[in-house]
Amino acid sequence: MKSKYYIGIDLGTSAVKLLLVDGDGKVVRTESREYPLIFPHPGWSEQNPCEWWNGVKSGLSALINGIDASLIEGIGCGGQMHGLVVLDENDNVIRPAILWNDGRTYAEVDYLNGEIGKEKLSALTANIAFAGFTAPKILWVKKNEPENFARIAKIMLPKDYINYLLTGVHCCDYSDASGMLTLDVEHKCWSAEMLEICGVTEEQMPALYESSDVVGEILPKVAAELGLPNGIKVVGGAGDNAAAAVGTGIVGEGGCNISLGTSGTVFISSEKFGVDPNNALHAFAHADGGYHLMGCMLSAASCNKWLCEDILGTSDYAGEQKDITDADLGNNRVYFLPYLMGERSPINDTNARGTFTGMTMDTTRKDMVLAVLEGVAFAIRDSVEVAKSLGIKIDRSKICGGGAKSPLWRKIMANVLNIPLDIPQTEEGPGYGGAMLAMVGCGKYPTVIDAAAALTAVSATVEPDPEIAARYETKYHIFKKIYPTMKNLFSDMKEETK
């Protein structure tokens, strides 16, 4: 019998990546399509949802070229979280999507956390307001674009808009919905009180599903357009970090995954619901049916991309890192705050900005490259330290994402955190997790945990070096002092630009 195929879609910030995976979990083929970001004002970040759909359609057509499409059984999508997609009564997009890394909603965040109150928000949703979350964006549109707000018939997230176009179903999974600040995460339902605060109704929200639930089948007209057979099942999918965690086997109790993508995350899975009482870490539903805590920094691998491409004028990332030796690690006198888009976990400050500190006349290009890599690692450690303060034991972690393809960056991360980092055998991020969720939805595996046990493995481990880790321990405690010293200045700088 011929093996069935499953398609995983990773709807990222800069591109969509599509995977064709066989029933044994082997990635048969991949395709990716880039699309532009729009920055209408400093700190704002938008995209046209039509660009996502065009990328998905083009990528799907190429993905199945020469493949027996009748063997494709299911599709699962992982995607960028928090983005506000608003549709009118005819399901047309009303305005460009406001993305996860958009910082315009500082006033709405202040209103939610201050006037509504962090304690109430946490009781209703298990989280407080962050600028990237969806609820502040809804309030921003309500205040600043009342004519658009009045037209809203459906509120969706990015990957759910793709699922809608595939199936005609307005749907959302619990992991992605957790980042909207409108979901009662513990009880997995929309919070009526939060919807009222935002001025919207439950009828305007998508239906909720577990990540491996089948939400519908591909529409006949879409199947015909793309050369796909009718009857392909589409599952709920997951937010990108939950999907990536599934794809790296971080399911069930106590697993940890660190992702160095455009953003950076620390993802800790749990079978039970739990909340960080300080709300520095997000408390979300997981794609395995359980829950997770997550720290998210807004700029991770994107910091290195910015430095290399926009400042140094090169895309040869490996070339910029080749002269950095073990002797350099932990001995750099230059520090970098990686807050190019403000920051979420754990400081929750839209005013924060990127800075180089400690430069002298003998500072080199190499020093600055190393400082960026180290600054991201230190910021990831900030979230790990919060988790440790809650009594969570993190003895080791998986590591994935585009930044994790750098052996140097992996070594820096292992030594800054002083734990072993396991490299997944298949490192295809949210797309692979999406394909695994499709397998569960189609009945190949009974649960997401079973799929992870069968399909995920470790290819190698990066161990920390005691001497380098000791040097980084000293450097981290200096790094921790930089943001508190700069915090008020960042606020003053924000006021100056108004």
Side-chain angles (χ1 to χ4, degrees), residues 6 8 21 24-25 76 78 81 126 173-179 183 185-188 209-213 235-259 265-276 281-296 383-384 386-388 390-401 404 417 419-459 461:
Y6 305 87
V21 181
D24 296 323
M81 297 178 68
D173 81 288
Y174 295 116
S175 74
D176 217 356
S178 297
L183 185 79
V185 174
E186 181 177 11
H187 301 104
K188 294 187 174 179
Y209 295 85
E210 290 287 358
S211 295
S212 58
D213 286 348
V235 298
D240 50 5
N241 293 295
V246 169
T248 56
I250 302 303
V251 295
E253 184 64 35
C256 182
N257 184 55
I258 291 167
S259 176
T265 58
V266 177
F267 186 108
I268 303 163
S269 63
S270 174
E271 294 175 351
K272 298 177 181 178
F273 172 76
V275 178
D276 170 12
L281 301 181
H282 310 324
F284 289 171
H286 191 4
D288 65 357
Y291 297 90
H292 70 274
L293 290 174
M294 183 173 71
C296 178
S383 287
V384 171
V386 173
K388 288 180 178 178
L390 300 177
I392 297 171
K393 197 172 182 182
I394 302 176
D395 293 327
R396 68 191 308 122
S397 176
K398 298 277 181 67
I399 186 166
C400 69
L417 299 174
I419 58 172
L421 295 178
D422 295 322
I423 303 167
Q425 191 171 61
T426 302
E427 208 294 84
E428 293 289 356
Y432 194 67
M436 289 169 63
L437 293 170
M439 291 181 186
V440 177
C442 293
K444 180 160 181 63
Y445 295 99
T447 70
V448 176
I449 291 175
D450 290 319
L455 299 175
T456 62
V458 172
S459 66
T461 298

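Across Cys296 and His282, no two heavy atoms sit closer than the pair CB-NE2, 4.1 Å. Nearest approach of Val266 to Ser383, heavy atoms of both residues: CG2-CB, 4.1 Å. For Pro420 against Thr461, the heavy-atom pair with the smallest separation is CB-CG2, 3.8 Å. In terms of heavy-atom proximity, Thr248 sits nearest to Pro424 at CG2-CG, 3.6 Å. Minimum interatomic distance between Lys188 and Tyr174 (heavy atoms only, all atoms of both residues): O-CE2, 3.3 Å. The nearest pair of heavy atoms linking Asp276 to Leu293 is N-CD2, 4.2 Å.
Distance CZ/Arg396 to CG/Leu417: 13.0 Å, rounded to 0.5 Å. Here the straight-line distance linking atom CD1 of Ile268 with atom CG of Leu390 works out to 8.0 Å at 0.5 Å rounding. Atom SG of Cys400 and atom CG of Asp422 lie 12.0 Å apart (nearest 0.5 Å). Here the CG-CE distance, from Asp176 to Met81, works out to 5.0 Å after rounding to the nearest 0.5 Å. We find the CG-CD1 distance between Asp395 and Ile419 to be 8.0 Å, quoted to the nearest 0.5 Å.
With sequence neighbours excluded, the residues that form a side chain to side chain contact (heavy atoms under 4.5 Å, CB included) with Ser269 are Ile250, Phe267, His286. By the side chain to side chain contact (heavy atoms under 4.5 Å, CB included) test, Glu271 pairs with Glu253, sequence neighbours left out. Thr265 meets the side-chain hydrogen bond (donor to acceptor under 3.5 Å, both in side chains) test with Asn241; sequence neighbours excluded. Listed by chain and residue number, Ile449, Asp450 satisfy the side chain to side chain contact (heavy atoms under 4.5 Å, CB included) test with Thr447 (two or more places apart in sequence, or in another chain). For Ser211, the side-chain hydrogen bond (donor to acceptor under 3.5 Å, both in side chains) test picks out Asp173, with sequence neighbours left out.
The backbone N or O of Ala285 sits less than 3.5 Å from a side-chain atom of Ser178, completing a donor-acceptor pair. Counting only distance, with no hydrogens or angles, the side chain of Asp288 and the backbone of Gly252 share a donor-acceptor pair below 3.5 Å. When atom types are taken as modelled, the side chain of Ser259 and the backbone of Gly401 share no donor-acceptor pair closer than 3.5 angstrom.
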Please list every donor-acceptor pair under 3.5 Å in which a side-chain atom of residues 430-442 meets a protein atom from a residue at least two apart or in another chain.
residue: Tyr432; atom: OH; partner: Gly25; partner atom: O; Å: 2.8

